[in-house]
Amino acid sequence: MKKAVAYLTAIITGAFALQIPIDSFAEEINQDSKEKSAEINVNYNMGSSYEITIPASVTFTDSETTVERALQARNVRIDADKALNVMVSSENGFKMVNHDASMDYHIIINYASTPEGNHFNILKVKAGESSGWAILQFVTELSKGEALYAGNYTDTLTFQVSVDG
Amino acid sequence: MKKDRLEKWWIILLIVLFCLILGIRIGKLPSGNIKPCNFTQNAATSVGGVGLALDPDAEALHPADIENTKEQGVTISGRDDMTFPAGQREITVDFYNPEENEGLYYLTFELRLYDDQEQEYEVLYTSGLVEPGKHIRTIMLSHALESGVYTAVIHVQPFRMNAQRSITNNADIKINLIVK
């Protein structure tokens, strides 16, 4: 026990003795020093980024002629004076096509508006808002009598995403 | 001898008592998830203090199956600019298929350079299928670009992870392509 105390004392004393007084090497800056100020520029250019989740597909059936899908934007980080815009357009002008036969459908945005045309805005997320969403209702009036052929009637949507001033 | 036996019995008694107390404590602990409180008319009145109750028919403007909807959607990560070095074909990018698409969708990326009227485009690069959670870091352009700011689009085409690898709806991510 006594030996252990002696060894421990020796180790601690040695450690203190070897310690280098770092501050004695440091340059002192006072009002008489040549360098009176130190300036650092701190810069970081954070690029804009975001994540969107688009509806992958919509399937109508005889009993389900209205299908609801969500479009979501998350982790939106854009310049202060800009907004994230999502527009949609249809390959076939909002018609599901099967050879030369087709069936119309349309989109209702947030249970309210049904925009005209083949290219319209469905979501806007302003700078400072980290997320946003829109509910899209895809509506068709299926009628077997209008469908010339059996088989799949399809269309493809393209969601155009941009950050605009 | 008797003393030893007595000690043994005391030890057994103490162990039994300890087990009993432990059992009672465990029995009192909440088991599993704590269910959230349901709002009731009385609770709402007492919280609000103005005699008005929360209308049970009111609901947020979210589809009831938003979680299911989310599962069916394709997640795409975007940005609004990219910077390339002038005169070089091999460049660094980050084309990423988010992990949210795990088990659902591959993505392909096509870099399209548009003309001034944003009507016609030429394809500078097309990727193969990118698995969820993976990035493409280096690409080879079809030709090098001169210094300037261009309008470009990253066309993202998802494919289902099924035998047919059928396509889904897609996205065009519009970017400013800065070449310097």
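Quick note on labels: first sequence line is chain A, next is B, and so on, each numbered from 1.
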Are [X] and [Y] in one and the same hydrophobic cluster, where Ile, Leu, Val, Met, Phe, Trp and Tyr link if side-chain heavy atoms are under 4.5 Å apart?
X      : Y      : value
B/Y114 : A/V161 : no
B/I136 : B/L107 : yes
A/Y50  : B/I175 : yes
B/I154 : B/V179 : yes

Q | Flag, side chain of B/N169 to backbone of A/T156, donor-acceptor distance under 3.5 Å | A | no
**Q.** Heavy-atom check, side chain of B/I173 versus side chain of A/F159, under 4.5 Å
**A.** no
Q) So do B/K174 and A/M87 actually touch side chain to side chain, heavy atoms under 4.5 Å? A) no
Q.
Could you check whether B/T75 and A/T53, counting side-chain N and O atoms only, form a donor-acceptor pair closer than 3.5 Å?
A.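 Per modelled atom types, A/T53 and B/T75 side chains form a pair under 3.5 Å.
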Q. Judged by modelled atom types alone, do B/D80 and A/S48 share a side-chain donor-acceptor pair under 3.5 Å?
A. yes
Q. When rounded to the nearest 0.5 angstrom, what is the spacing between OG1 in A/T154 and CD1 in B/I167?
A. 8.0 Å
Q: Report the residue from B/V156, B/V74, B/N170 that forms a side-chain contact (heavy atoms from CB on, under 4.5 Å) with A/I54.
A: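 Only one option passes, and that is B/V74.
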Q) Do you know which of A/L84, A/I78, A/L157 has the most heavy-atom pairs under 4.5 Å to chain B? A)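 Ranked by heavy-atom pairs under 4.5 Å with chain B, first place is A/L157.
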Taking [atom1] in [X] as the centre, count heavy atoms belonging to other residues, nucleotides or ligands within less than 6.0 Å. Is the count above 12?
X      : atom1 : answer
B/N162 : CG    : yes
A/K82  : NZ    : yes
A/H99  : NE2   : no

Q) B/E100 versus chain A, heavy atoms under 4.5 Å apart: side chain, backbone, both or neither? A)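 Side chain only.
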Q | Closest non-hydrogen atom pair between B/S77 and A/E51, with its separation | A |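 Shortest heavy-atom contact: CB-CG, 4.0 Å.
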